[in-house]
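Just so it is clear, the model here is predicted, and its values are computed rather than measured.
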Amino acid sequence: MFKKLSRWNFTDRQREIVLKVIRGESNREIAMALSVTEQTVKEHLRNIFDKVEVHRRSELISRILSIPET
């Protein structure tokens, strides 16, 4: 999975959040696990969406999972 994520140059925190989104965790669950606010998670997600050029969590997951492992 990490090879798939490397194409977007995510920060460590962004990568951590993407993996939690793929696992189906909510913003609240992610915030609690990372000891940050839900607003911080939302800001990270906005930046992630911009990098991947998507608008929704479902698009993010689809885009990442559709990349073949190399």
Side-chain angles (χ1 to χ4, degrees):
M1 181 64 67
F2 286 106
K3 283 185 181 182
K4 289 183 178 191
L5 299 179
S6 66
R7 80 183 301 175
W8 287 287
N9 296 321
F10 291 131
T11 65
D12 290 341
R13 181 62 93 188
Q14 288 173 338
R15 188 177 311 108
E16 195 172 8
I17 290 173
V18 168
L19 291 171
K20 289 182 175 300
V21 167
I22 290 170
R23 288 186 205 120
E25 294 183 33
S26 68
N27 288 357
R28 175 174 279 179
E29 291 169 327
I30 295 169
M32 289 175 55
L34 301 179
S35 299
V36 298
T37 67
E38 284 185 65
Q39 185 60 40
T40 298
V41 172
K42 289 177 185 179
E43 290 170 16
H44 280 299
L45 283 171
R46 271 195 297 276
N47 292 329
I48 291 165
F49 291 173
D50 285 346
K51 281 186 178 184
V52 182
E53 298 178 356
V54 298
H55 300 296
R56 299 178 187 80
R57 294 165 87 96
S58 59
E59 291 174 319
L60 173 67
I61 293 167
S62 177
R63 175 84 39 98
I64 289 171
L65 295 182
S66 69
I67 297 170
E69 288 279 351
T70 56

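Scored by the salt bridge (charged side-chain N to carboxylate O under 4.0 Å, His left out) test, Glu16 finds Arg13 as partners (sequence neighbours excluded). Residues passing the salt bridge (charged side-chain N to carboxylate O under 4.0 Å, His left out) test with Asp12 are Arg15, sequence neighbours excluded. Qualifying salt bridge (charged side-chain N to carboxylate O under 4.0 Å, His left out) partners for Arg23, counting only residues two or more places apart in sequence or in other chains: none. Take Glu53 and apply the side-chain contact (heavy atoms from CB on, under 4.5 Å) test, not counting sequence neighbours, and it matches Arg63. Scanning for side-chain hydrogen bond (donor to acceptor under 3.5 Å, both in side chains) contacts around Ser62 gives an empty result, with sequence neighbours left out.
Residue pairs meeting the salt bridge (charged side-chain N to carboxylate O under 4.0 Å, His left out) criterion with at least one partner in residues 38-47, sequence neighbours excluded, are Arg28-Glu38. Note on residues 4-60: pairs passing ring pair (Phe, Tyr, Trp, His ring centres under 6.0 Å), not counting sequence neighbours, are Trp8-Phe10.
Side chains of Val21 and Val18 form no contact here, defined as non-hydrogen atoms less than 4.5 Å apart. Counting only heavy atoms from C-beta outward, the side chains of Arg57 and Leu45 approach each other to under 4.5 Å.
Within the model, atoms CG of Asn47 and OG1 of Thr11 stand 8.5 Å from one another, a figure rounded to the nearest 0.5 Å. The distance from the CD atom of Glu25 to the CD1 atom of Ile30 is 5.5 Å, given to the nearest 0.5 Å. In this structure, Ile64 CD1 and Ile48 CD1 are separated by 8.0 Å, a value rounded to the nearest 0.5 Å.
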Pair Leu34-Lys20, side chain to side chain contact (heavy atoms under 4.5 Å, CB included): steps then yes or no:
CA-CA 10 Å; Leu34 301 179; Lys20 289 182 175 300; 3.9 Å; yes
